Amino acid sequence: MTRLCSLYTLHHSSKKHMQELIFFYKKYQSIIIPCLFFLGAIFIFIQIIMPTLSAIGAQRQTLKTEEQKLSDYTNSVTVLNSLDDAQVSKNANIAISALPPSKDVQSIYLALTTSATKAGIILTGFSVSLGDVFGKTSVPQNTTGIPFVVVTVKVEGANIDNIIEFSNELAKVSPLNKVTGANINSGSGDMDIVFYYKPYDLRLINQNVVKPLSESEQLMLNELPQQ
Amino acid sequence: MAQDINLLTTEKKHERKMATFSLISLVVLIFTILTTVVLLLYLLFLKTNISSVTGKQTLVLKQLQLLNVKKVEVLTTRERLATIQNIKSSEPVFAERLNHIAESSPGDISISTISTDLSSITVSMNTANLASFNTFFNDGLTKIEKGKGSGVKTITLQSFNISPGGSGYDASMQFIYATPFK
């Protein structure tokens, strides 16, 4: 009975609270509702609008990037379709021949003998510093970071004009090279020549943006020894 | 009496203010909701566009895949040319420097010995005519120094002698360059 009484009291009390709340709400309704509206607006602004604005910014950037990529890819297809297959292969061969992917001793020897004959110099011997095959750090590199092979040639019958001529003739043949020094006494001595090479860049296979050769590149290609 | 009337007006004013306040809050909420809807729709539009562009990319990449050999050839050509340009522009050419010396010396001066290290050229010269050396020292050296891209830092006359047997004159000169050959 006591328990029943207490339950009744509790029920009565909560009903009373509810009535008080309703009364309070009705009394301040004109303030509570607008305040709730404002709070709702602030909540929406912070929780939805701001993140959405941020997402829109990021998506716009992504769209711009993707559109640029699409444009580049489309241009690449157009460029490649407009190029003559044979000419492209020929250009590639000229460039690869000028800067071979490896130390091509045969080409180096051919370049030396041809140039020496044209310059009127007799080659009596040559030595090649190949470096270690596997030791990346031991491969000689110049200041531009491009590996090269150092060749020392022994020459006879060389005067200053022959040497200049020999250097100029070497500049006309592949692989790309430079005379870097000479020690000639009374027509005989030795000369140091560096021959450059560069391994293939395998990342090019995954590159999808192709641009045609610029005017300066075409000009340089024409200046390289033609095959 | 007048004060009673004033009290009534104040209450009405208060009600009007509250009504305005309610209206403004409602307008703000509706505006916020509408803005949210518009922004979400725009976001959806952007995402759809990105999907569409990505789809187009896939198609173009398939076309590009068919031209793969040609693509690699063009890219390799450009990459090699860039490297060649780099090599050619980065280092002074030995022959050019030697040519400067040869061109600047009078015809009757012969160069018998050429010796180089990383940044210098040493030459031994010989002539029967002392006046030729005079011309070379006065004009030739200036030409070498001021020649286009010569890069000469120092010119040293290492020796100057009468040739053995007294048939002419020998001189040894060292040309030191600001930038090394390699």
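Naming convention: chains lettered A, B, ... in sequence-line order (proteins, then strands); numbering from 1 in each chain. This structure is a prediction, so every number in the text was calculated from the model and none was measured.
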For the backbone of [Y] and the side chain of [X], can you confirm whether one donor and one acceptor N or O come within less than 3.5 Å of each other?
{"X": "B:Arg78", "Y": "A:Val210", "result": "no"}
{"X": "B:Lys71", "Y": "A:Val77", "result": "no"}
{"X": "A:Lys69", "Y": "B:Thr54", "result": "no"}

Next item on the list: Let me see the working for A:Val179 and B:Leu98 under side chain to side chain contact (heavy atoms under 4.5 Å, CB included), right down to the final yes or no.
Entry: CA-CA 11 Å; A:Val179 177; B:Leu98 206 55; over 6 Å; no
Notebook entry, point to check: A:Asn183 and B:Ser115: side chain to side chain donor-acceptor pair (under 3.5 Å), yes or no, with the steps?
Noted result: CA-CA 4 Å; A:Asn183 284 298; B:Ser115 167; 2.9 Å; yes
State, to 0.1 Å, how close [X] and [Y] come at their nearest heavy-atom pair, and which atoms those are.
{"X": "B:Thr77", "Y": "A:Ala92", "value": "OG1-CA, 3.2 Å"}
{"X": "B:Val28", "Y": "A:Ala41", "value": "CG1-CB, 3.7 Å"}
{"X": "B:Val60", "Y": "A:Leu70", "value": "CG2-CD1, 3.9 Å"}
{"X": "A:Ala182", "Y": "B:Thr116", "value": "N-OG1, 2.7 Å"}

Next item on the list: Rounded to the nearest 0.5 Å, what's the gap from OG1 on B:Thr83 to NZ on A:Lys198? Could you check?
Entry: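 One finds 3.0 Å between OG1 of B:Thr83 and NZ of A:Lys198.
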Note to self: Go through it in stages, so that I can follow the logic: the residues are A:Phe37 and B:Phe21, the test is ring-ring contact (aromatic ring centres under 6.0 Å, His included), and I'd like the CA-CA distance, side-chain angles, deciding distance and then a yes or no.
What the structure shows: CA-CA 11 Å; A:Phe37 283 178; B:Phe21 182 59; 10.0 Å; no
Part of [X] within contact of chain B (heavy atom distance under 4.5 Å):
{"X": "A:Phe166", "value": "neither"}
{"X": "A:Ile42", "value": "neither"}
{"X": "A:Val209", "value": "backbone"}

With a 3.5 Å cut-off and sequence neighbours excluded, list the donor-acceptor pairs that the side chains of residues 54-64 of chain A form with protein atoms.
residue : atom : partner : partner atom : Å
A:Arg60 : NH1  : B:Tyr42 : OH           : 2.9
A:Thr62 : OG1  : A:Ala58 : O            : 2.8

Checklist line | Residue among A:Ile31, A:Asn208, A:Ile163 with most heavy-atom pairs under 4.5 Å to chain B | finding: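 Winner by heavy-atom pair count: A:Asn208.
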Margin query: Are A:Leu99 and B:Leu81 packed together at the side-chain level, in the sense that at least one heavy-atom pair is separated by less than 4.5 angstrom?
Written below: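 With C-beta onward as the side chain, the pair stays apart.
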Next item on the list: Output the residues of residues 105-113 of chain B for which the shortest heavy-atom distance to chain A is under 4.5 Å, in residue-number order; output 'none' if no such residue exists.
Entry: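 Checking residues 105-113 of chain B against chain A gives B:Ile111, B:Ser112, B:Thr113.
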